[in-house]
Amino acid sequence: MWKYFAVKSIKRQFAKSRKKRAKHFVNYADASTIVVLADPLGAQESVSLLRSLQADGKKVVLYHFTMALQKTKIRYPNIETVEISLEDLCWGNNRPRKEICQQFKALSPDVLIDLTTVEILPIAYLVAICYAPMRLGFQKESLVSADMMMQDETKEMPIDGLLRNLLFYWKNITAKEE
């Protein structure tokens with residue numbers, strides 16, 4: 001029953017963000033703030049690529065969701081990390097608390113990257129409330145779609161390989177300003 005209400009809330013938030021979000025392609029060179037959403041495995045596998053983004057002058061903020069009851073306090077040196085655990089959820093463990101959502105919205109990133117390959121409702125809620133002009137992610141049966149998605153046809157490629165491909169295409173696509 002809680003899942004039904006959470007899905008309905010995510011769809012409502014996504015409809016709001018679709019109206020308010022100024023959706024457009026952001027060139028890699030023009031992006032300054034990138035927010036990355038991941039599960040613990042995706043966060044661990046992608047750290048080296050996230051550091052390369054920082055080396056390119058991007059501010060990277062990593063939000064990772066863990067199914068632990070309490071925070072594991074996993075930190076990645078030089079990467080701003082926000083951990084969301086079950087204690088940070090409300091509404092039947094399907095949505096982050098208000099403080100986390102406000103902190104997330106305050107970032108106002110240029111690009112949002114969702115590194116999850118399966119639907120995780122708290123992360124889907126964060127994607128739905130985000131007004132980032134560009135969303136990147138992996139194709140999945142999702143409540144909230146990304147603007148540019150990579151598809152893993154083999155279902156065996158690790159997250160860092162998928163992210164490497166996603167970043168490769170993003171860096172090589174350029175949009176002309178009109």
Side-chain angles (χ1 to χ4, degrees), residues 5-39 42-43 46 49-50 52-54 56-65 79-82 84 91 94-153 157 159-178:
F5 290 121
V7 169
K8 190 172 182 176
S9 175
I10 290 168
K11 287 180 180 179
R12 189 175 327 118
Q13 290 297 333
F14 182 58
K16 279 185 191 177
S17 74
R18 200 175 326 161
K19 291 177 185 173
K20 292 182 181 180
R21 184 170 81 110
K23 178 181 167 181
H24 67 276
F25 182 82
V26 177
N27 288 320
Y28 179 78
D30 298 335
S32 60
T33 305
I34 300 171
V35 171
V36 180
L37 301 172
D39 55 14
S46 63
L49 289 170
L50 297 180
S52 71
L53 292 175
Q54 284 185 320
D56 289 344
K58 314 294 183 207
K59 176 184 177 185
V60 177
V61 181
L62 173 65
Y63 275 75
H64 71 94
F65 176 74
I79 295 178
E80 187 178 336
T81 307
V82 177
I84 302 171
W91 229 43
N94 289 312
R95 190 178 82 186
R97 286 190 314 217
K98 185 177 181 178
E99 304 84 39
I100 293 171
C101 293
Q102 288 174 340
Q103 176 190 14
F104 182 77
K105 280 183 168 181
L107 287 172
S108 63
D110 298 315
V111 177
L112 174 82
I113 301 176
D114 181 3
L115 295 180
T116 58
T117 56
V118 295
E119 193 70 65
I120 300 173
L121 291 179
I123 289 179
Y125 188 82
L126 290 176
V127 173
I129 65 171
C130 184
Y131 295 145
M134 186 166 138
R135 296 177 181 156
L136 306 174
F138 306 125
Q139 189 168 1
K140 57 188 169 195
E141 297 297 321
S142 182
L143 296 168
V144 183
S145 62
D147 301 323
M148 187 169 122
M149 295 183 276
M150 290 294 300
Q151 184 174 358
D152 181 17
E153 294 174 357
M157 186 178 276
I159 296 296
D160 65 332
L162 290 169
L163 180 58
R164 185 174 277 105
N165 289 343
L166 187 68
L167 292 175
F168 172 79
Y169 286 111
W170 180 32
K171 289 177 182 179
N172 288 305
I173 296 172
T174 56
K176 293 182 181 180
E177 296 287 327
E178 291 186 24

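Nearest heavy-atom pair across K140 and T117 is CB-O, 3.6 Å. The two residues P133 and V26 make their nearest non-hydrogen contact at CB-CG2, 4.1 Å. When all heavy atoms of I123 and F65 are compared, the pair lying nearest together is CD1-CB, 3.8 Å. Considering every non-hydrogen atom in both L49 and S52, the closest pair reads O-OG, 2.6 Å. The minimum heavy-atom distance between F138 and L163, with the atom names listed, is CZ-N, 3.9 Å.
Here the CE-CG distance, from M150 to N165, works out to 4.5 Å after rounding to the nearest 0.5 Å. Rounded to the nearest 0.5 angstrom, M134 CE and F25 CZ are separated by 4.5 Å. The line from CG of L37 to CD1 of I120 is 9.5 Å long, rounded to the nearest 0.5 Å. F14 contributes atom CZ, which lies 13.5 Å from atom CD1 of I129 (distance to the nearest 0.5 angstrom). To the nearest 0.5 Å, the span separating CD on Q13 from SG on C101 amounts to 8.0 Å. Separation of atoms CD1 (I79) and NZ (K59) is listed at 13.5 Å; rounding is to 0.5 Å.
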message: I'd like to know whether D147 forms a side chain to side chain contact (heavy atoms under 4.5 Å, CB included) with L136, so could you lay out the CA-CA distance, the side-chain angles of the two residues, the decisive distance to 0.1 Å, and finally the verdict.
response: CA-CA 6 Å; D147 301 323; L136 306 174; 5.9 Å; no
message: As a quick check of understanding, evaluate side-chain hydrogen bond (donor to acceptor under 3.5 Å, both in side chains) for Y28 and N172, giving each step before the final call.
response: CA-CA 8 Å; Y28 179 78; N172 288 305; over 6 Å; no
message: side chain to side chain contact (heavy atoms under 4.5 Å, CB included) for L115 and V36? Distances and angles first, verdict last.
response: CA-CA 7 Å; L115 295 180; V36 180; 3.4 Å; yes
Residues V111, V35; criterion side chain to side chain contact (heavy atoms under 4.5 Å, CB included); working and verdict: CA-CA 6 Å; V111 177; V35 171; over 6 Å; no
- request: Assess whether side chain to side chain contact (heavy atoms under 4.5 Å, CB included) is satisfied between H64 and T81, documenting all intermediate values.
  value: CA-CA 8 Å; H64 71 94; T81 307; 3.5 Å; yes
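The side-chain heavy atoms of R164 and D160, taken from C-beta on, include a pair separated by under 4.5 Å. Side chains of V60 and T33 form no contact here, defined as non-hydrogen atoms less than 4.5 Å apart. Proximity of L112 to F104: side-chain heavy atoms (C-beta onward) are separated by under 4.5 Å at one or more points. For the pair S17 and C130, the minimum side-chain heavy-atom distance is 4.5 Å or more.
Salt-bridge check for K58 with D30: failed, with every basic side-chain N at 4.0 Å or more from each acidic carboxylate O.
Listed for the D39 side chain is no donor-acceptor partner under 3.5 Å among the backbone atoms of T116. Remark: the backbone N or O of N27 is not paired with any side-chain donor or acceptor of W170 at under 3.5 angstrom. Using a distance-only test at 3.5 Å, with no hydrogens or angles considered, a donor-acceptor pair links the side chain of H24 to the main chain of A22. No donor-acceptor pair closer than 3.5 Å links the side chain of S9 to the backbone N or O of V7. Panel note: side chain R135, backbone V127; a donor-acceptor pair is recorded below 3.5 Å.
Cation-pi geometry between R21 and Y131 is not satisfied (NZ or CZ under 6.0 Å from the ring centre, within 45° of the ring normal).
Under 3.5 Å, the side chains of D110 and S32 contain a donor-acceptor pair of N or O atoms.
More than 12 heavy atoms of other residues, nucleotides or ligands lie within 6.0 Å of NZ in K171, so this atom counts as buried by the packing criterion.
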